[in-house]
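Here's the structure, in structure tokens; my notes come after.
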Amino acid sequence: MLELNNIRFRPATSERVVLNDINLKASPGEPVLISGNSGSGKTSLLEVISGLAGAQKGSIHWNQEALTRRQRRWLCGVVFQFPERHFLGLNVSQELKLGHKRLGSEERSNVLRRVGLGDVDLRQAPERLSGGQQRRLALAVQLLRRPQVLLLDEPTAGLDWSVRSEVLELLQDLGQDRLLIVVTHEPDLFEEWSGNHWTLREGRLHALSPLPLR
């Protein structure tokens with residue numbers, strides 16, 4: 001179980017507290033959706049959870065053990081809103097191999113099938129993939145790291161309706177065997193979300209139906 005206790009965060013570039021006394025409990029197999037307007041602090045929350053940013057107050061625990069920022073970076077995988085900005089490989093194959101001394105073809109094929117890219121051309125540049133394919137490739141890259149917590153920032157933004165439904169179906173599948181946390185400013189797209197739904201307003205989390213575990 002992931003536990004956030006009284007998290008307070010103010011970015012170095014801001015005079016405003018973005019996250020104020022955030023408390024959250026979430027377990028693998030029970031996906032979490034956090035909705036909020038643009039600028040409400042959703043991305044900042046993912047950065048703090050993943051260890052990419054440090055909170056000024058509060059603690060984060062995994063299975064009742066307090067974690068440092070370094071430990072959280074190993075625990076979590078993050079897919080950002082614009083994954084194409086973070087691709088480093090010259091082609092799909094190179095992108096998948098980054099950070100892996102040995103990546104077998106079977107493991108690579110399995111993860112590509114899992115995200116719906118079983119037929120992708122491995123020689124193709126990531127930037128030439130469609131928006132939906134880029135999201136799937138970014139997911140594949142993170143799944144190869146085997147994170148216990150998967151954090152997704154606006155996974156449906158900018159996608160057409162047909163691709164959005166496919167991505168939503170994929171997310172429900174990925175949330176079955178790990179902790180999945182999704183942030184979005186489009187909560188209407190997640191009407192059939194089978195998990196806990198929170199909203200982030202004025203720096204605080206508010207639980208929506210169904211109620212989270214206590």
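Heads up: numbering here begins at 1 and tracks the sequence.
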Salt-bridge present (Asp177, Arg146; N to O < 4.0 Å): no

Which atom of Cys76 lies closest to which atom of Pro147, heavy atoms considered: C-CB, 3.8 Å

Chi angles and distances behind the side-chain contact (heavy atoms from CB on, under 4.5 Å) call for Ser93, Arg108: CA-CA 9 Å; Ser93 179; Arg108 181 184 63 196; 3.7 Å; yes

Distance-only donor-acceptor check, side chains Gln142 and Arg145, under 3.5 Å: yes

Any donor-acceptor N/O pair, Ser27 side chain to Glu30 backbone, under 3.5 Å: no

Note, Ile181 side chain near Leu152 side chain (heavy atom, < 4.5 Å): no

Flag, side chain of Asn5 to backbone of Gly58, donor-acceptor distance under 3.5 Å: no

Minimum heavy-atom distance between Asn23 and Asp21, given as atom pair plus value: ND2-O, 3.3 Å

Backbone of Leu151 reached by a side-chain donor or acceptor of Asp153 within 3.5 Å: no

Sub-4.5 Å side-chain heavy-atom contact between Pro28 and Gln176: no

Validation row: Leu129, Gln124 side chains within 4.5 angstrom (heavy atoms): yes

Validation row: Leu4, Val48 side chains within 4.5 angstrom (heavy atoms): no

Side chains of Glu186 and Thr156, donor plus acceptor under 3.5 Å: yes

Heavy atoms from other residues, nucleotides or ligands near CD of Gln64 exceed 12 (cutoff 6.0 Å): no

Val78/Leu150 under side-chain contact (heavy atoms from CB on, under 4.5 Å): CA gap, chis, key distance, verdict: CA-CA 6 Å; Val78 187; Leu150 187 58; over 6 Å; no

Taking every non-hydrogen atom, the tightest pair across Ile7 and Ala55: CG2-CB, 3.9 Å

Heavy-atom pair of closest approach, residues Pro187 and His197: CB-CE1, 4.1 Å

Main-chain N/O of Pro11 paired to Ser14 side chain as donor or acceptor, under 3.5 Å: no

Nearest-0.5 Å distance, CD1 of residue Ile60 to CD of residue Gln71: 11.5 Å

Working for side-chain contact (heavy atoms from CB on, under 4.5 Å), residues Leu45 and Ile34: CA-CA 10 Å; Leu45 179 57; Ile34 300 174; 3.6 Å; yes

Residue pair Leu112, Val120: steps toward the side-chain contact (heavy atoms from CB on, under 4.5 Å) verdict: CA-CA 8 Å; Leu112 287 174; Val120 71; 4.2 Å; yes

Main-chain N/O of Val115 paired with Arg136 side-chain donor or acceptor, under 3.5 Å: yes

Minimum side-chain heavy-atom gap Trp198-Leu208 below 4.5 Å: no

Ion pair check, Arg10 and Glu15, cut-off under 4.0 Å: no

Option passing side-chain contact (heavy atoms from CB on, under 4.5 Å) with Pro155 (candidates Leu189, Val79, Val183, Val182): Val182

More than 12 heavy atoms from other groups under 6.0 Å of CG on Asn110: yes

Point-to-point distance, once rounded to the nearest 0.5 Å, from CG of Leu200 to CG of Asn20: 10.5 Å

Donor-acceptor contact below 3.5 Å, side chain Arg73 vs main chain Gly51: yes

Distance in Å, Leu52 CG paired with Ser44 OG, rounded so as to fall on 0.5 Å steps: 11.0 Å

Smallest separation among heavy atoms of Val18 and Gly41, with atom names: CG1-CA, 3.4 Å

Between Ser35 and His185, a side-chain donor and acceptor under 3.5 Å: no

Heavy-atom pair with the smallest gap, counting every atom of Arg114 and Asp173: NE-OD2, 3.0 Å

Spatial distance of atom CD (Glu47) from atom CG (Leu19) [nearest 0.5 Å]: 9.5 Å

Donor-acceptor pair, side chain of Gln172 and main chain of Glu169, under 3.5 angstrom: no

Pairwise ring-ring contact (aromatic ring centres under 6.0 Å, His included) hits with a residue in residues 61-81, at least two apart: Phe80-His86

Min side-chain heavy-atom separation Asn196-Leu33 under 4.5 Å: no

Sub-4.5 Å side-chain heavy-atom contact between Leu75 and Leu67: yes

Check: Gln134 side chain, Pro126 main-chain N or O, donor-acceptor pair, under 3.5 Å: yes

Lys42 side-chain N/O to Glu154 backbone N/O, donor-acceptor pair under 3.5 Å: no

Inter-residue atom distance Gln148.CD - Asn63.CG, 0.5 Å rounding: 7.0 Å

Donor-acceptor pair, side chain of Ser109 and main chain of Glu106, under 3.5 angstrom: no

Between CG on residue Leu143 and CG on residue Leu174, distance to nearest 0.5 Å: 5.5 Å

Connected via hydrophobic side-chain network under 4.5 Å: Val17 and Ile49: no

Option passing side-chain contact (heavy atoms from CB on, under 4.5 Å) with Glu95 (candidates Asn91, Val92, Leu98): Leu98

